[in-house]
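To start, the structure itself, in structure tokens.
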Amino acid sequence: MTTLLGCIADDFTGATDLAGLLARSGVRVSLRIGVPETPPTETASFEVIALKTRTAPVSEAVAQCRAALSWLREAGAQRFFWKYCSTFDSTAEGNIGPVAEALMADLGVDQTIYCPAFPENGRSIFMGTLFVGEQPLAESPMKDHPLTPMRDSNLMRLLAPQVTGKTGLVNRLTVARGPAAIRGTLQKLAGQGVAHVILDAVADEDLQQIAAACQTMRLLTGGSALAMPLPGLYAAEGLLPQNAGSFSTPAIGDGAIVLSGSCSAMTRAQVATYAQGAPSHRLDPIHLARAGTGDAKAWLAQQEMNAAPIVYATAEPEDVRAAQTELGTEAAGAVVEAALAELAVLARDQGARRFVVAGGETSGAVTQALGVTQLDIGAEIAPGVPWTYCTSAGQQIALALKSGNFGTEGFFAEALTLLERR
Ligand SMILES: Nc1ncnc2c1ncn2[C@@H]1O[C@H](COP(=O)(O)OP(=O)(O)O)[C@@H](O)[C@H]1O
Ligand SMILES: O=C(O)[C@@H](O)C(=O)COP(=O)(O)O
């Protein structure tokens with residue numbers, strides 16, 4: 001099937017979030033892990049390529065995203081979506097802006113839009129300022145993120161240093177006036193040479209108006225919620241074939257494991273809740289760096305996968321800072337990611353078939369270690385977190401890749417229960 005929308009996501013939880021929101025429309029969404037090594041053959045109307053580029057060096061992120069774009073164009077896509085985090089997670093150099101500029105250059109477009117708003121999960125944008133719930137981004141727990149601490153809430157100030165072109169804003173007052181007003185302002189800004197336009201959105205209705213105004217643009221950028229209206233809009237354009245449809249859920253074995261490398265406020269609460277009722281093992285990055293994974297592997301070997309144990313490195317901000325001071329930020333993250341990836345493979349070999357993974361970088365490491373290349377999208381557990389299905393070493397498995405900030409306190413148990421009921 002010819003691909004209508006080709007999407008590139010900068011991390012794995014972001015990719016499943018996007019795929020899940022597109023799949024709400026009932027269309028089949030295919031998610032590839034990394035840029036496929038073979039040319040596109042059996043493609044879906046909506047293709048998402050998951051990359052692990054959020055904190056990669058700029059040149060590497062740009063090269064991977066351009067390769068993904070090229071594969072998606074080969075699959076027939078004419079329109080593209082660059083998905084990044086609803087909290088605009090990025091470093092001072094990128095990679096949101098540099099990737100957008102590279103994709104624009106490859107597609108020959110002069111302007112694109114940026115809208116990370118995800119109202120259902122409390123992310124809204126007003127006058128260019130990004131809010132998490134009622135707090136400006138830089139006052140939210142995102143200020144303490146281990147890899148991308150967000151210390152400014154103004155999207156124009158965050159984006160401007162990441163791009164070479166001019167930045168501008170379509171504010172909420174214009175967005176509320178609907179697609180014609182939005183298009184008019186975008187054209188006016190284009191006349192002033194503004195290439196990178198941030199759009200305010202505080203509710204799903206705003207995103208619907210923005211998507212309707214911009215659905216024919218070759219490149220859109222933003223959070224998953226901006227893409228959610230696109231299948232409906234494409235159907236109204238007569239672009240969606242009748243048989244674009246869905247996929248049937250496979251049977252999955254009972255063994256389960258929860259792996260958490262996210263240190264977000266929500267994940268900390270989720271780990272504390274789940275660990276009260278399940279076997280748990282905490283990973284300490286300093287111990288891992290000195291002594292390796294021997295203790296963790298020995299603990300795991302004694303666990304029944306039917307008891308759905310949890311292994312976590314999730315820690316309070318002061319403990320994360322202590323590990324980073326001792327090991328360096330990158331090395332502290334890497335040692336945890338490598339340990340959780342190794343344990344995921346051992347758990348699979350011990351019979352785990354359902355994997356709940358918390359954290360975007362963590363999910364990338366685990367999914368890659370499990371040798372997964374493609375995911376089908378199933379039921380949504382919480383807004384932006386679907387169950388996904390794939391094979392690993394010849395076994396049918398299910399993965400729930402949870403963004404650090406998503407879900408409520410009972411998420412881990414809820415995820416496993418939802419799968420049991422199906
Ligand atoms: N105790 C810890 N100390 C330092 N870094 C940690 C610790 N626990 C996890 N990390 C690292 O923090 C990062 C969390 O990022 P990620 O998995 O993307 O979570 P989130 O989805 O919350 O952003 C990962 O690189 C992880 O390995
Ligand atoms: O847009 C979002 O918030 C998520 O889809 C996302 O990108 C998740 O990133 P992590 O919080 O790093 O898991």
Side-chain angles (χ1 to χ4, degrees), residues 7 9-22 48 50-56 81-90 96 115-123 130 132 137 140-142 144-150 221-228 259-271 282-289 311-341 357-367 382-386 400-407:
C7 308
D10 69 349
D11 84 344
F12 286 43
T13 45
T16 57
D17 169 12
L18 173 64
L21 263 59
L22 288 168
V48 179
L51 300 177
K52 192 172 181 300
T53 52
R54 190 169 288 175
T55 56
F81 196 91
W82 165 223
K83 156 74 177 73
Y84 40 80
C85 194
S86 61
T87 43
F88 215 70
D89 298 15
S90 44
I96 295 173
C115 187
F118 192 166
E120 230 179 312
N121 274 322
R123 284 84 164 111
L130 180 58
V132 177
L137 175 66
S140 79
M142 286 307 297
D144 295 317
H145 190 279
L147 305 178
T148 49
M150 299 307 289
T221 90
S224 55
L226 174 62
M228 189 166 59
L259 300 160
S260 178
S262 162
C263 296
S264 74
M266 182 45 77
T267 305
R268 298 202 302 274
Q270 289 163 340
V271 168
R282 188 176 75 84
L283 298 176
D284 169 17
I286 298 175
H287 179 75
L288 286 173
V311 182
Y312 63 96
T314 305
E316 297 297 318
E318 56 272 23
D319 295 328
V320 172
R321 274 192 291 274
Q324 291 178 337
T325 306
E326 176 82 16
L327 304 172
T329 299
E330 217 182 304
V335 79
V336 167
E337 288 178 36
L340 287 169
V357 189
E361 296 300 320
T362 308
S363 294
V366 166
T367 310
V385 200
L401 308 181
K402 190 201 77 75
S403 155
N405 300 299
F406 289 177

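In each ligand, atom 1 is the first atom listed, and ligand 1 is the first ligand listed.
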for atom 23 (O) of ligand 1, nearest protein heavy atom and its distance come out as His145 NE2, 2.5 Å
Would you mind running through ligand 1 and noting each atom that sits below 4.0 Å from a heavy atom of Cys263? 7 (C), 8 (N), 9 (C)
Consider every N or O of Ser403 and every N or O of ligand 1, then say whether any pair is closer than 3.5 Å. no
Under 4.0 Å to a heavy atom of Pro285 - the qualifying atoms of ligand 1, by number: 1 (N), 2 (C), 3 (N)
With heavy-atom distances below 4.0 Å as the criterion, list the atoms of ligand 1 near Glu361. 16 (P), 17 (O), 18 (O)
Contacts of Asp10 that satisfy side chain to side chain donor-acceptor pair (under 3.5 Å) - sequence neighbours left out: Arg54
If you measure from atom 19 (O) of ligand 1 to every heavy atom of Ser363, Pro317, Gly359, which option wins on shortest distance? Gly359
Relative to the heavy atoms of Val336, which atoms of ligand 1 are at a distance of less than 4.0 Å? 9 (C), 27 (O)
Between OG on residue Ser403 and CZ on residue Phe12, distance to nearest 0.5 Å: 14.5 Å
Nearest-0.5 Å distance, CG of residue Leu288 to CG of residue Leu327: 9.0 Å
Measure from the side-chain N and O atoms of Thr13 to the backbone N and O of Gly359, and report whether any donor-acceptor pair falls under 3.5 Å. no
For atom 4 (C) of ligand 1, what is the nearest protein heavy atom, given as residue, atom name and distance? Val320 CG1, 3.8 Å
Side chain to side chain donor-acceptor pair (under 3.5 Å) against Ser90, all qualifying residues, sequence neighbours excluded: Gln162
Of all protein heavy atoms, the one nearest atom 22 (O) of ligand 1 is Ser262 OG, 2.7 Å
When rounded to the nearest 0.5 Å, the distance separating OH of Tyr312 from OG of Ser260 is 9.5 Å
Ligand 1 contact by Asp319, heavy-atom criterion under 4.0 angstrom: no
Whether Thr267 side chain and Cys263 backbone form a donor-acceptor pair below 3.5 Å: no
Identity and separation of the nearest protein heavy atom to atom 14 (C) of ligand 1: Gly261 O, 3.3 Å
Should Ala315 be counted as touching ligand 1, given the test is an N or O pair under 3.5 Å? no
Students should be able to answer this: which protein heavy-atom is nearest to atom 25 (O) of ligand 1, and at what distance? Glu337 OE2, 2.7 Å
Which ligand 1 atoms does Thr362 reach within 4.0 Å, using its non-hydrogen atoms? 17 (O)
Rounded to the nearest 0.5 Å, what separates atom CZ in Phe406 from atom OG in Ser262? 11.0 Å
Contact (N/O only, under 3.5 Å) between Gly360 and ligand 1: yes
Please indicate whether Glu330 has more than 12 foreign heavy atoms, meaning atoms of other residues, nucleotides or ligands, lying under 6.0 Å from its CD. no
With respect to Lys402, which candidate in Thr362, Val385, Thr16 satisfies the side chain to side chain contact (heavy atoms under 4.5 Å, CB included) definition? Val385
Considering both backbone and side-chain atoms of Ala313, is one of its nitrogen or oxygen atoms within less than 3.5 Å of a nitrogen or oxygen in ligand 1? yes
In this structure, which one of Asn121, Thr148, Leu137 forms a side chain to side chain contact (heavy atoms under 4.5 Å, CB included) with Thr87? Leu137
Starting from the N and O atoms of ligand 2, find every protein N or O within less than 3.5 Å and list the pair with its distance.
from	atom 1	to	atom 2	distance (Å)
ligand 2	1 (O)	Lys83	NZ	3.0
ligand 2	1 (O)	Ser86	N	2.8
ligand 2	1 (O)	Ser86	OG	3.4
ligand 2	3 (O)	Ser86	N	3.3
ligand 2	3 (O)	Ser86	OG	2.5
ligand 2	5 (O)	Asp17	OD2	2.5
ligand 2	5 (O)	Lys83	NZ	3.0
ligand 2	7 (O)	Arg54	NH2	2.7
ligand 2	7 (O)	Lys83	NZ	3.2
ligand 2	9 (O)	Asp11	OD2	3.3
ligand 2	9 (O)	Arg54	NH1	2.9
ligand 2	11 (O)	Ser403	OG	3.0
ligand 2	11 (O)	Gly404	N	3.4
ligand 2	12 (O)	Asp11	OD2	3.4
ligand 2	12 (O)	Arg54	NH1	3.1
ligand 2	13 (O)	Thr13	OG1	2.7
ligand 2	13 (O)	Gly360	N	3.1
ligand 2	13 (O)	Gly404	N	3.3

Trace of the side-chain contact (heavy atoms from CB on, under 4.5 Å) decision for Glu316 with Arg268: CA-CA 8 Å; Glu316 297 297 318; Arg268 298 202 302 274; 3.3 Å; yes
Among the heavy atoms of Leu147, does any lie under 4.0 Å from an atom of ligand 1? yes
Which of the ligand 1 atoms, numbered from 1, are nearer than 4.0 Å to a heavy atom of Pro146: 12 (O)
Do any nitrogen or oxygen atoms of Thr314 come within less than 3.5 Å of a nitrogen or oxygen of ligand 1? no
Distance col, row Asp17:CG vs Leu21:CG, nearest 0.5 angstrom, shows 5.5 Å
Residue pair Arg321 / Asp144, side-chain heavy-atom distance below 4.5 Å: yes
Within 4.0 Å of some non-hydrogen atom of Gly333, the atoms of ligand 1 are 11 (C), 25 (O), 27 (O)
Taking side chain to side chain donor-acceptor pair (under 3.5 Å) as the test, write out the residues that go with Gln324, two or more places apart. none
Distance check, rounded to the nearest 0.5 Å: Tyr84 atom OH versus Ile96 atom CD1? 6.0 Å
